[in-house]
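Following: one structure in structure tokens, then a few remarks.
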Amino acid sequence: MTDVIDELHRRGLIALSTDEAALRAHLAEGPVTYYCGFDPTAPSLHVGNLVQFMLLRALQRAGHQPVVLVGGATGLIGDPGGRNSERQLNDREVVAEWVERIRRNVRPLLERPAEESGLRPPIYVNNLDWTEQLSAIDFLRAIGKNFRVSQMLAKEAVSARLNSEAGISYTEFSYQILQANDYRELYRRHGVTLQTGGSDQWGNLTAGIDLVRRTEGAGVHAMGTPLITTADGQKIGKTQGATVWLDPELMSPYAFHQYWLNVDDVDARAWLPLFCERPAEDVAALIAESEERPAARAPQRALAEDLTRLVHGDQELAQAEAAGRALFGRDDLASLDAGTLTAALTEAGSVTVDGELPTIAQLLQQTGLVSSLSEARRTVKEGGAYLNNERVADGDAVPGEDAWLPGGWLVLRRGKRAVAGVRRGA
RNA sequence: GGCGGGUUGCCCGAGUGGCCAAUGGGAGCGGACUGUAAAUCCGUCGGCUUAGCCUUCGAAGGUUCGAAUCCUUCACCCGCCA
């Protein structure tokens, strides 16, 4: 059996770690209980969080015990890291709901391997459970005494904000203490000895290590994943300015699948080892194929396939693939049968219209392909609007009777990739 | 608590009384070229019942024929001093 650390290095999942020799020895001794935290700052996890799960899954496959912390408490405070302004505080009820939704995101990622391969299922914890009843006195006396302000100020996340125009509130300044305390609680409650996270969390991870050493006298470990960016320096997981969510209610499996398919060549090759759990030889072969025949987009297809299956399941993957073939294939739309068209457009997104038919511009807006009528008109003017694959000349025209495709559908497209269906109502 | 600087469209950043829906850059979007890539070039980039109209320049008032630009108050941010 190969060393899990070796695998993680091969895949580029480790950017930082505490003493690696010690960590390697620790992991070799037997099952290690490790944790990673996610703050509920949105209703769903997104593609950027997926990197953490690739690491968590690799450790799980190696026989270790994952603990997933959802930050019901820290989500109320706000991590100053990686941002140049203060966070807007969210309401407690909202954060509580997000905690639940995020747990649902995690299920297929860590529970399925447990069910299907007999690996250890994740333990879920919420730091609100031990943070909420902490009194200000206890917090300051029992925990705060262990922190030196000079060290806290030196953390990148804090100093960056101190040097920014926005500054930093005492609330967010305290964040690292809360996260450090989480590590200590999990060490006590579950024997956690390894925390993983993004390398932008490094200051918070080491704060926890210091606290555990100081108060428990134990040496515990941390591992940081690299920050994944596109070739031009953007954060991973944005498409058309929107976030690529894992929750199917926020982003359809079809759109999720399309996102990976559209990743550019450079990024696809770079990301493949990170996100693809296939054998090393297969990954290398896919990259080699991409160099030779980039148009085949082998890495993109592998990413789309593996990740859609991982996050949404086999059935959703099959539907997303079929929809993509139908909408982007070379076949004439009119030659598609009603069933295929219906399945494809349902995946892609559609609206139903009854009664009097709106203009094409209005339909573009109703399907969400554009956000305003002005934008619809502009798109038509720019030659970027298509009805049934034919460029629209007049946005104020109403589609004719002959435009309806089998099953009672109109296919609207904006630009090359954004497609939506309009279905005739009763 | 005192003094000074600041708050402009998704972001950065010009603009100090009319020519400002607001220069420029970036992001985004569309077109051409391609491979549902990248780079490049061109166009576009508040909203609407779009030759016109409406709402924007931290918030609220005020001066003026007319304000993002002047005055007052408030909020927030940064710096120096106490």
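Below, read A as the first sequence line, B as the second, and so on, with proteins coming before strands; counting in each chain starts at 1. All values below were derived from every heavy atom in this structure, side-chain atoms included, with hydrogens, water molecules and symmetry-related copies excluded.
Using N1 to N3 plus N6-O4 or O6-N4 for Watson-Crick, or N1-O2 and O6-N3 for G-U wobble, each under 3.5 Å, B:C20 pairs with nothing. The pairing partner recorded for B:C70 is B:G62, the criterion being a Watson-Crick or G-U wobble arrangement whose two distances lie under 3.5 angstrom. Figure legend. B:C76 is base-paired to B:G6; pairs are counted as Watson-Crick or G-U wobble with both atom distances under 3.5 Å. Within the shown strands, B:U44 is the pairing partner of B:G28 under the Watson-Crick or G-U definition, both distances less than 3.5 Å. B:G1 is paired with B:C81 under the criterion used here, namely a Watson-Crick or G-U wobble arrangement in which both key atom distances are under 3.5 Å. The partner of B:U36 cannot be assigned: no Watson-Crick or G-U wobble pair with both contacts below 3.5 Å exists in any strand.
Using P as the reference atom, B:A59 and B:A67 are 16 Å apart when rounded to the nearest Å. Between B:A75 and B:G28, the two P atoms lie 40 Å apart (nearest whole Å). Rounded to whole Å, the separation between the P atoms of B:G58 and B:U7 comes to 8 Å. Comparing the P positions of B:C57 and B:G9 gives an interatomic distance of 9 Å, to the nearest angstrom. For the C1' atoms, the distance linking B:G6 with B:U16 amounts to 15 Å, nearest Å. Spacing of P atoms, B:A14 relative to B:C80, comes out at 22 Å, to the nearest Å. For the C1' atoms, the distance from B:C45 to B:A22 is 14 Å, rounded to whole Å. Between B:G31 and B:C19, the two P atoms lie 35 Å apart (nearest whole Å).
The side-chain contact (heavy atoms from CB on, under 4.5 Å) test with A:L211 is passed by exactly one of A:Y187, A:F147, A:Y183: A:F147.
Between A:F53 and A:F38, the ring planes lie parallel to each other; the angle is under 30°, not in the 30° to 60° tilted range.
Sorted by first then second residue, the ring-ring contact (aromatic ring centres under 6.0 Å, His included) pairs that include residues 267-315 of chain A, not counting sequence neighbours, are A:F256-A:H312, A:W260-A:F275.
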Show the numbers, then the answer: is there a side-chain hydrogen bond (donor to acceptor under 3.5 Å, both in side chains) between A:Q201 and A:N204? CA-CA 5 Å; A:Q201 288 284 307; A:N204 294 330; 3.3 Å; yes
Show your reasoning for whether salt bridge (Lys or Arg N to Asp or Glu O under 4.0 Å) applies to A:R104 and A:E100. CA-CA 7 Å; A:R104 263 179 269 153; A:E100 285 312 309; over 6 Å; no
Worked check of salt bridge (Lys or Arg N to Asp or Glu O under 4.0 Å) between A:E289 and A:R301: CA-CA 12 Å; A:E289 189 187 344; A:R301 286 180 198 287; over 6 Å; no
Apply the test salt bridge (Lys or Arg N to Asp or Glu O under 4.0 Å) to residues A:R414 and A:E382: give CA-CA distance (whole Å), side-chain angles for both, the deciding distance (0.1 Å), then the verdict. CA-CA 11 Å; A:R414 180 195 188 180; A:E382 293 170 335; 5.5 Å; no
Could you pull out all donor-acceptor pairs under 3.5 Å where a side-chain atom in residues 107-115 of chain A meets a protein atom, sequence neighbours excluded?
| from | atom 1 | to | atom 2 | distance (Å) |
| --- | --- | --- | --- | --- |
| A:E111 | OE2 | A:Y124 | OH | 2.6 |
| A:R112 | NH2 | A:R309 | O | 3.1 |
| A:R112 | NH2 | A:L310 | O | 2.8 |

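The residue A:T379 sits apart from the nucleic acid: no heavy atom pair falls under 4.0 Å.
The NZ-P distance, from A:K381 to B:G30, rounds to 16 Å in whole Å. A:Q362 has its CD atom 14 Å from the C1' atom of B:U50, to the nearest Å. Rounded to an integer number of Å, the gap from CZ of A:R378 to C1' of B:G46 is 9 Å.
Between A:S374 and B:U50 there is no side-chain polar atom (N or O) within less than 4.0 angstrom of OP1 or OP2.
Looking at which nucleotide of RNA chain B each of A:R377 and A:S372 is closest to, the 5′-most match is held by A:S372.
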For nucleotides 31-37 of chain B, just jot down a letter per nucleotide in 5' to 3' order: B, S or -, based on protein non-hydrogen atoms under 4.0 Å. SSBBBBB
